[in-house]
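Remember, predicted model here, so these are calculated numbers, not experimental data. The chains referred to below are lettered A, B, ... by the order of the sequence lines, with proteins before strands, and numbering in each begins at 1.
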Number of protein chains: 2
Amino acid sequence: MKTTQNDATDLSAQIAKAIRDAIIDGKLIVDERLPSEAELADQFSVSRPTVREALKRLAAQSLIRTQRGAFGGAFVNRIAYPDAYGQQITTSTLLLSMNDISFDVACEARFAMERACAPMACARRTADHLATMRAEIHRQSQVGLSDESWCASDVAFHRALVDAANNPVLSYQLAGSVEAMQPLMNMITFTARSRERIIDLHTRIADSVEQNHPDECDHRLSELADYTMTLAKNVIDMRRTSAST
Amino acid sequence: MKTTQNDATDLSAQIAKAIRDAIIDGKLIVDERLPSEAELADQFSVSRPTVREALKRLAAQSLIRTQRGAFGGAFVNRIAYPDAYGQQITTSTLLLSMNDISFDVACEARFAMERACAPMACARRTADHLATMRAEIHRQSQVGLSDESWCASDVAFHRALVDAANNPVLSYQLAGSVEAMQPLMNMITFTARSRERIIDLHTRIADSVEQNHPDECDHRLSELADYTMTLAKNVIDMRRTSAST
DNA sequence: AGTTTTCATTTGTCAGACATTTAAAAGTCT
DNA sequence: AGACTTTTAAATGTCTGACAAATGAAAACT
């Protein structure tokens with residue numbers, strides 16, 4: 001009977017887990033220095049390369065940072081928002097692209113969360129956030145904008161909306177959803193007509209945020225979600241048709 | 001003219017980045033086998049330990065898995081929900097615990113997203129989800145339940161609510177928020193009276209989900225959010241008072 | 001006192017070796 | 001021929017020992 005459990009895991013994985021748990025449990029606090037690689041090798045009764053592999057695993061998760069030289073070493077890292085953003089985006093992107101999750105499911109999740117931000121965005125938006133949203137709308141109106149630039153601007157618009165809620169935790173959570181959708185969105189070819197429609201909705205959303213009309217904002221986001229899913233469905237239908245002929 | 005960023009990064013980090021980018025860009029597809037460590041060492045003109053450190057970095061992010069033996073090697077991994085959940089929870093937990101984010105901000109973000117799930121949960125919940133919610137409510141009613149068990153049951157209840165929305169992407173996103181709050185919640189001492197109040201709200205939430213009353217559900221979640229923040233504020237005030245005397 | 005040099009410590013990298021695992025290939029028996 | 005066993009090659013996992021490079025502290029020197 002094989003348990004498929006962690007008896008058979010690498011030593012470096014076990015050591016990484018031990019240190020990771022110590023950090024999560026607060027036994028190692030931020031900026032605290034870990035023992036040197038040689039000392040860790042002694043403590044865990046393994047060789048230095050094995051310890052190093054464990055430390056690299058932790059570094060990949062931004063749990064530690066290393067510094068060379070005397071009095072250098074591995075230090076418990078304070079996970080900052082940019083680190084967390086990056087990991088969130090990488091993981092979410094791959095989760096979506098590798099698991100043939102339907103466009104609808106991803107889209108629904110994303111807009112559900114975005115709509116949750118709307119009331120706060122209306123109440124707290126600064127002039128900066130509004131300016132960013134307007135600027136992106138303006139960019140979207142330019143003729144001859146490539147599909148990639150269009151999608152990038154779309155992401156920037158929605159991130160400004162989320163940031164307007166002025167809750168960094170929400171911004172962090174949403175970063176994954178919004179950015180991870182971009183590869184999926186890039187598969188949609190936005191015609192001039194559909195761009196026009198989306199720009200109109202973006203404008204109404206920006207207006208409602210400016211005038212603090214959360215219900216209107218929620219409604220327009222809802223419309224945008226529906227319209228996005230319709231566009232996606234058309235693309236998928238067309239592909240299926242052309243593939244079957 | 002600077003080339004890109006810091007040429008001063010580790011070789012193993014550079015190699016990991018190169019491979020990671022190849023995976024994200026789709027140049028390496030799921031289940032594809034990477035060259036052996038010896039071959040990679042040749043290709044990148046580094047030694048095998050350095051290549052191994054790079055591979056361990058990728059393994060820590062669940063981007064690859066390795067297999068020993070002939071015809072083994074490193075394979076591009078399909079990131080599954082459990083992997084993504086785990087990373088999401090680790091990152092979120094540390095982000096919250098290390099950056100003195102106020103309880104209110106974290107709580108607001110979490111309940112905003114949870115309320116976004118409410119309408120879907122009402123529409124799609126199965127008997128299973130309801131049963132889990134009821135079971136957790138029952139556990140919460142037991143006298144002499146430790147604070148840890150109480151909080152664990154609280155998490156389980158809310159996860160059941162989120163899962164009832166039947167959108168795995170939402171479940172994944174919420175996992176981080178809900179689980180990461182647990183250490184913060186553990187700091188609150190729940191008196192018998194406050195537990196009673198929360199159980200009452202949980203019951204009303206479960207009822208509204210069962211009877212498909214999204215507005216009622218939203219309202220009670222809102223109440224729960226407010227009440228949780230009130231409890232936290234009391235704890236913080238008491239600490240401040242006792243600290244200043 | 002201020003500057004420069006030395007120096008010990010620690011991470012980064014390399015080379016080579018052996019152990020262990022694994023599945024394919026070869027061999028053996030019925 | 002088919003089923004079972006043994007061999008074997010390839011790959012990762014681990015270890016030893018070594019050297020390079022960075023870095024800050026202490027010592028030496030103006």
Inset, instruction - Before accepting this row, confirm whether a basic side-chain N of the pair B:K233/B:D237 lies closer than 4.0 Å to the acidic partner's carboxylate O. - result: no
Side-chain atoms of B:P49 come closest, of C:dT22, C:dT9, C:dA15, to C:dA15
Could you go through nucleotides 11-13 of chain C and list every protein N or O atom that sits under 3.5 Å from one of its N or O atoms, giving the distance for each pair?
residue, atom, partner, partner atom, Å
C:dT11, OP1, A:E37, N, 3.4
C:dT11, OP2, A:E37, N, 3.2
C:dG12, OP1, A:T66, OG1, 3.1
C:dG12, OP1, B:D10, OD2, 3.4
C:dG12, OP2, A:R52, NH1, 2.9
C:dG12, OP2, A:R52, NH2, 3.4
C:dG12, OP2, A:K56, NZ, 3.0
C:dG12, O6, A:R48, NH2, 2.9
C:dT13, OP1, B:L11, N, 2.8
C:dT13, O4, A:R48, NH2, 3.2

Between CZ of B:F44 and C1' of C:dC14 the distance, given in whole Å, is 17 Å
task = For the pair A:D154 and A:R139, find out whether any cationic side-chain nitrogen is under 4.0 Å from an anionic carboxylate oxygen.
result = no
**Message:** Tell me whether B:K56 is salt-bridged to B:E53, with the criterion being a basic N under 4.0 Å from an acidic carboxylate O.
**Reply:** no
Quiz item: With under 30° as parallel and over 60° as perpendicular, where do the rings of A:F111 and A:H158 fit, or are they tilted in between?
Solution: perpendicular
CD1 of B:I15 to CZ of B:R52, rounded to nearest 0.5 Å, is 13.5 Å
In whole angstroms, the gap separating C1' of D:dG13 from CZ of B:R65 amounts to 18 Å
